[in-house]
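Have a look at the structure below before the remarks.
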Amino acid sequence: MCGIVGYIGKRDAFPILVEGLSALEYRGYDSAGVALVNNSGLSVFKDKGKVDHLKEITSDIENATGTKIGIAHTRWATHGAPSYANAHPHLDVNKRIALVHNGIIENYSILKEKLKKEGIEFLSETDSEVLAQLVGKYYDGDLSSAVRRALLEVEGTFGVAVIAFDNPGVIIGARRGSPLVVGVGDDEMLLASDASAIVQHTKKVIYLKDNNLIELKHGFFNTTTLDNRKINPEIHSLDWDANALAKDGFEHFMLKEIFEQPDTIRNAMRGRLLVDDGTARLDGLNLVLQELRAINRLIFVACGTSWHAALVGEYLIEELVGIPVEVEYASEFRYRNPIIDAHTLVFVISQSGETADTLAALREASRKGATVLGICNVVGSSIARETHGGVYLHAGPEIGVASTKAFTSQLTILSLLTLLLGRMRRISHSDGVTIARALEAVPKQVKKILKQNERIREIAGIYAKHNNFLYLGRSYNFPVALEGALKLKEISYVHAEGYPAAEMKHGPIALIDKDMPSVVLALKDSVYDKVLSNIQEVNARGGSVIAIANEGDREIEKYARHVIHIPKTLPLLSPLLSVIPLQLLAYHIAALRDCEIDQPRNLAKSVTVE
Ligand code: G6P
């Protein structure tokens with residue numbers, strides 16, 4: 001969501017902060033700003049718009065150079081529209097402190113009224129300014145005490161960075177519910193809402209925990225709890241290199257990430273897929289075989305694309321493991337009263353590991369005494385830290401807001417989990433080996449599909465001006481239909497609905513005409529013939545069909561206007577392949593409509609508010 005960067009060290013802070021903002025821009029991006037401490041006090045540069053706009057308006061500032069400390073922010077509006085006044089950093093009324101904030105101050109209106117009665121004037125509509133005013137009110141030269149006092153009064157979530165006009169030697173950072181990572185460099189310290197703003201400078205990081213506060217000084221740091229107990233945090237080493245954040249010649253991160261999938265799927269399997277034994281090992285689950293064997297029910301909790309992956313997981317586990325699975329939207333799960341017993345295992349699935357609803361669901365499940373495991377991409381993220389165990393995707397940073405490679409990595413992990421649990425129950429050795437071999441072949445098959453990129457672009461060209469799409473699939477490919485429709489919505493702003501193919505006749509069929517194309521997943525599986533009938537129903541109403549079908553399937557060409565052929569695999573693994581053309585189709589339609597693919601309007605990569 002919003003992004004925070006802070007720098008204190010021996011180099012000029014300004015360019016480091018602005019570059020850090022560019023690296024974070026994918027998280028949220030309707031405004032950007034920087035605050036620096038120099039001899040004349042605080043300098044603030046901010047405006048609505050992207051980081052590039054901030055660069056333009058600051059291209060000739062002289063007082064920024066030479067300054068060795070500052071904080072910066074990219075905003076994704078929650079309270080108040082994007083504007084100069086609402087952009088961070090915010091100052092207190094006496095311009096003595098500057099603050100950037102991620103998260104939501106829930107009791108901001110009560111605090112604001114109180115401060116107004118004390119004569120404090122507000123310049124913005126944000127909840128964050130309330131926090132700036134509170135810190136300013138308490139500041140008497142000791143910044144960490146002022147921040148501590150202010151934070152003890154607020155309810156809600158925060159990741160904050162604060163500097164003071166008369167102290168070029170300290171940045172205070174603190175968090176509750178909104179991530180903050182500290183970079184420990186040579187004689188310099190960085191602070192950011194995610195490691196992508198830090199990795200260019202240092203690989204040594206500290207993941208700040210909830211209710212922790214850190215004082216960053218020139219060359220050292222001091223970490224305490226909000227109630228001032230000393231902590232010695234662990235220093236981790238980042239395992240990704242700075243190149244992961246470059247587009248590598250691709251026009252967009254999303255396209256680069258789509259093309260990375262042969263590698264990312266392979267990385268998810270590495271060391272985990274045991275082909276000869278027809279099973280998998282997932283040591284990170286931290287459960288012994290007896291514990292896994294005792295499980296008789298699974299609950300998957302997730303949001304967005306991760307929720308679609310969970311749905312595939314339900315089909316996999318119920319069919320091959322034979323235990324009931326529930327798939328829940330995290331936002332619903334957290335406020336329901338879910339039934340969890342001693343034999344229920346809860347899995348939270350999240351690329352970022354920071355999605356607020358998923359995190360809250362995790363905590364709710366833990367409170368109920370469940371063992372909660374994670375399937376997560378970002379190492380050291382809140383979800384990774386708060387779960388009892390789990391599996392990392394190892395997909396590398398995903399920058400495009402629309403998730404692609406994380407989805408296929410999640411599917412890979414869910415397939416491995418199915419093998420592991422299934423081999424303890426109903427999957428025989430030979431069936432296990434068949435599945436493992438098919439899984440092993442997937443990266444090469446994905447590569448083959450990617451070779452059709454140009455052809456998919458041509459098909460996109462035919463349909464790029466249409467404003468409504470239907471996506472249909474059944475069985476394992478129903479969740480893929482949902483995911484294909486979501487991809488198109490997210491990045492091209494075209495209305496698209498995903499439906500179980502057979503449900504079409506209970507409503508969406510009324511929408512079909514020549515202006516509403518249907519993308520149909522028609523793979524050679526147990527429901528193939530039935531899906532063919534659905535295609536004919538679309539044709540009969542003047543709609544046109546783009547079918548995703550298996551190589552060698554000639555029959556489908558009689559019914560579908562366009563066919564994208566994909567290699568054959570086991571039906572249970574087919575989502576790993578069938579989603580690839582849908583990602584490319586969405587990408588090209590969005591590109592042809594001139595949309596901002598990596599940073600679609602109104603969306604954020606990691607939704608850290610409820
Ligand atoms: C946001 C992103 C989606 C993502 C969802 C869940 O809505 O735009 O791409 O699928 O959050 O994110 P998570 O990081 O929990 O998988």
Side-chain angles (χ1 to χ4, degrees), residues 1-3 24-29 76 78 177-179 193-196 252-254 257-258 264 268 300-313 327-334 347-363 372-387 390-393 395-411 413-414 479-480 482-493 498 579 582-583 586-587 590 595-610:
M1 209 127 235
C2 306
L24 289 184
E25 208 178 13
Y26 72 97
R27 294 174 61 97
Y29 26 75
W76 186 85
T78 55
S178 203
S193 42
D194 87 51
S196 46
H252 297 97
F253 280 110
M254 182 178 174
E257 287 156 7
I258 291 173
T264 49
F300 288 129
V301 185
C303 302
T305 289
S306 300
W307 188 84
H308 295 156
L311 221 49
V312 176
V327 178
E328 297 263 6
Y329 285 113
S331 52
E332 290 298 312
F333 181 90
R334 62 183 293 190
F347 268 94
V348 288
I349 307 182
S350 171
Q351 185 285 129
S352 62
E354 299 294 348
T355 302
D357 284 324
T358 313
L359 196 50
L362 181 175
R363 290 174 182 156
V372 187
L373 302 174
I375 297 178
C376 215
N377 192 31
V378 178
V379 176
S381 57
S382 302
I383 289 178
R385 281 187 284 112
E386 293 193 29
T387 37
V391 192
Y392 279 121
L393 304 181
E398 191 181 64
I399 307 292
V401 163
S403 183
T404 52
K405 63 176 180 174
F407 179 70
T408 45
S409 297
Q410 288 164 344
L411 297 187
I413 301 298
L414 288 164
V480 179
L482 296 181
E483 176 59 9
L486 179 65
K487 287 291 85 86
L488 190 66
K489 272 187 274 221
E490 283 178 311
I491 58 170
S492 67
Y493 320 137
V579 75
L582 304 193
Q583 295 169 341
Y587 172 82
C595 296
E596 293 233 32
I597 292 180
D598 285 333
Q599 299 166 4
R601 71 180 181 209
N602 305 342
L603 297 180
K605 183 69 186 158
S606 138
V607 181
T608 50
V609 294
E610 199 179 329

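Just so it is clear, the model here is predicted, and its values are computed rather than measured. Whatever order the structure lists ligands and atoms in, that order sets their numbers, starting from 1. For this chain, numbers begin at 1 and follow the sequence in order.
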State whether the side chain of [X] and the backbone N or O of [Y] hold a donor-acceptor pair below 3.5 Å, judged by distance alone.
X      : Y      : answer
Asp357 : Ala330 : no
Tyr493 : Arg601 : yes
Glu257 : Ile399 : yes
Ser409 : Lys405 : yes

Partner of Phe347 by side-chain contact (heavy atoms from CB on, under 4.5 Å), out of Thr387, Leu414, Leu373
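The single option meeting the side-chain contact (heavy atoms from CB on, under 4.5 Å) with Phe347 is Leu373.
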
With the criterion set at N/O pairs under 3.5 Å, what does the list of contacts between the protein and ligand 1 look like, atom names and distances included?
unit_1	atom_1	unit_2	atom_2	d
ligand 1	8 (O)	Ala604	O	3.0
ligand 1	9 (O)	Val401	O	3.1
ligand 1	10 (O)	Thr305	N	3.0
ligand 1	12 (O)	Thr355	OG1	3.4
ligand 1	14 (O)	Ser350	OG	3.4
ligand 1	14 (O)	Gln351	N	3.4
ligand 1	14 (O)	Ser352	N	2.7
ligand 1	14 (O)	Ser352	OG	2.6
ligand 1	14 (O)	Thr355	OG1	3.4
ligand 1	15 (O)	Ser350	OG	2.7
ligand 1	15 (O)	Thr355	OG1	2.5
ligand 1	16 (O)	Ser306	OG	2.6
ligand 1	16 (O)	Gln351	N	2.7

Please enumerate all residues that pass side chain to side chain contact (heavy atoms under 4.5 Å, CB included) together with Thr305, with sequence neighbours excluded.
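Result, side chain to side chain contact (heavy atoms under 4.5 Å, CB included) vs Thr305: Ser403, Phe407, Glu483, Leu486, Lys487.
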
